[in-house]
Amino acid sequence: MATLPNQLPMLAADPTGRSLGLDLPPGTLLDTTIEGSWGEPLLWRADAPAAPGDWLRLTSARRTAGLHPVLIGGRAHSEPHPDKWELDPDLASYPGDHDAEEVLAELWEDSAQEDSDWPGLATAGPPAADPDARAAEVTDSLVGGTGWLKEPRLALVPARRSADIPAAIGWCGSVNLTNDVAPLCAVLRSWEDRFGIRVVALTFDELVVSVAAPPRTLAEAEAIAAEHYAFCPDNIDQSSHGSLRAYAEREVLGAHAWQFWWD
């Protein structure tokens with residue numbers, strides 16, 4: 001995958017990251033994949049649990065070092081440590097080589113009913129918040145013992161943009177849908193452009209994004225729900241929602257975060 005220069009190796013000799021304009025707490029460089037060591041760090045992860053305000057404090061790492069913050073953790077019965085997630089960067093292509101609408105249209109055809117045509121990309125409305133401020137709000141809700149995320153740690157990932165984080169570390173949480181997560185990252189890039197999303201949390205098989213421009217009407221929410229269904233059919237098929245309309249009303253309309261889980 002085409003990436004920016006990886007600045008993480010500098011943290012081996014400079015754990016605080018001051019040479020990169022950072023002031024990091026104690027942390028660990030992780031390079032474990034399903035095949036063993038990747039040869040260079042895939043991410044830096046803080047040793048202590050994340051606290052409110054941590055994500056926002058590390059957003060400067062994007063500008064100074066090309067490192068994007070993201071929460072790493074688990075559910076009550078899932079593995080919270082990414083060195084045991086069977087990461088596989090070799091499987092990931094480059095998100096920029098994929099077209100978001102083509103990806104969604106193909107996934108829609110694979111997942112939807114035969115007589116249901118792909119409806120096309122949803123139109124974005126005006127942002128309701130600054131994307132980073134919204135991301136900080138969502139991450140704060142997931143840490144400090146108040147959210148569902150188990151053992152949340154803040155991580156830094158070398159990536160061109162927040163949407164590329166899963167591909168940059170070779171995340172395979174969506175392997176039951178696609179082996180190569182980069183096409184999904186292309187969709188995340190499109191959502192970043194249209195809805196101001198940020199990838200704010202990853203577990204073994206879940207992904208959470210903050211949303212700065214959520215839909216304000218049910219019609220808008222239903223259009224986005226169609227994209228969600230192509231992106232992650234299990235959000236509807238393996239849930240109690242029963243229909244795209246119900247999912248749109250309960251999980252998309254006005255929502256500040258979207259959560260995806262692949263069975």
Side-chain angles (χ1 to χ4, degrees), residues 50 52 55 68-80 82 85 104 107 111 122 128-129 131-155 157 162-167 169 171-178 181 184-185 187-192 194-215 220-263:
W55 189 93
H68 289 259
V70 64
L71 289 174
I72 300 290
R75 282 277 192 179
H77 301 292
S78 67
E79 175 56 59
W85 284 0
L104 288 170
L107 291 172
S111 302
D132 287 342
R134 178 55 51 80
E137 170 194 314
V138 173
T139 54
D140 284 355
S141 73
L142 294 173
V143 303
T146 59
W148 57 264
L149 196 60
K150 175 187 175 185
E151 298 183 32
R153 301 286 193 276
L154 195 67
V157 175
S162 176
D164 293 357
I165 287 173
I169 65 173
W171 185 71
C172 293
S174 59
V175 69
N176 288 337
L177 180 71
T178 174
V181 74
L184 298 187
C185 289
V187 176
L188 292 173
R189 282 184 170 202
S190 178
W191 290 349
E192 195 172 356
R194 286 182 288 147
F195 307 113
I197 69 103
R198 296 287 187 268
V199 175
V200 294
L202 289 172
T203 76
F204 175 76
D205 57 3
E206 292 172 282
L207 181 151
V208 182
V209 304
S210 58
V211 187
E220 292 172 350
E222 286 187 90
I224 294 171
E227 294 191 31
H228 285 202
Y229 183 64
F231 184 83
C232 181
D234 290 337
N235 263 28
I236 292 89
D237 292 342
Q238 302 294 330
S239 75
S240 60
H241 297 303
S243 68
L244 276 180
R245 184 180 179 86
Y247 171 81
E249 188 171 10
R250 298 170 189 169
E251 304 293 342
V252 183
L253 181 62
H256 292 182
W258 299 335
Q259 185 172 341
F260 303 96
W261 165 75
W262 289 266
D263 187 10

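Residues: numbered from 1 along the sequence shown. Please read all numbers here as calculations on a predicted model, not as lab measurements.
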Value rounded to 0.5 Å, distance of [atom1] in [X] from [atom2] in [Y]:
X: L104; Y: S190; atom1: CG; atom2: OG; answer: 7.5 Å
X: I236; Y: L244; atom1: CD1; atom2: CG; answer: 5.5 Å
X: D237; Y: Y247; atom1: CG; atom2: OH; answer: 11.5 Å
X: H256; Y: E137; atom1: NE2; atom2: CD; answer: 5.5 Å

Main-chain N/O of [Y] paired to [X] side chain as donor or acceptor, under 3.5 Å:
X: S174; Y: L177; value: no
X: R198; Y: S210; value: no
X: D164; Y: C185; value: no
X: S111; Y: A230; value: no
X: S239; Y: N235; value: yes

Do V200 and V70 pass the side chain to side chain contact (heavy atoms under 4.5 Å, CB included) test, and can you show the C-alpha distance, the side-chain angles, and the key distance before you say yes or no? CA-CA 5 Å; V200 294; V70 64; 5.7 Å; no
Applying side chain to side chain donor-acceptor pair (under 3.5 Å), can you list everything that pairs with E249, at least two apart in sequence or on another chain? none
Any ion pair linking E192 and R189 (charged N to carboxylate O, less than 4.0 Å)? no
Can you sort out the partners of [X] under side chain to side chain contact (heavy atoms under 4.5 Å, CB included), two or more places apart, ordered by chain and number?
X: A248; answer: L218, A221, E222, A225
X: D205; answer: T203, W261
X: P80; answer: K150, E151

Are more than 12 heavy atoms from other residues, nucleotides or ligands located less than 6.0 Å from atom CZ of R250? yes
For a 4.5 angstrom cut-off between non-hydrogen side-chain atoms, does I169 reach L202? yes
Measure across [X] and [Y] and return the closest heavy-atom pair with its distance rounded to 0.1 Å.
X: P69; Y: L154; result: CB-CD1, 4.4 Å
X: Q259; Y: V208; result: CG-CG2, 3.9 Å
X: A201; Y: L149; result: CB-CD2, 4.4 Å
X: W85; Y: E79; result: NE1-O, 2.8 Å
X: L253; Y: P215; result: CD1-O, 3.7 Å
X: P166; Y: L188; result: CG-CD1, 4.3 Å

Are F231 and W262 an aromatic pair by the rule of ring centers under 6.0 Å? yes
My understanding is that only residues two or more places apart in sequence, or in another chain, count here; which of them pass ring pair (Phe, Tyr, Trp, His ring centres under 6.0 Å) with W258? W191, F195, H228
Applying salt bridge (Lys or Arg N to Asp or Glu O under 4.0 Å), can you list everything that pairs with E220, at least two apart in sequence or on another chain? none
Might you work through the side chain to side chain contact (heavy atoms under 4.5 Å, CB included) test for V143 and W55, ending with a clear yes or no? CA-CA 10 Å; V143 303; W55 189 93; over 6 Å; no
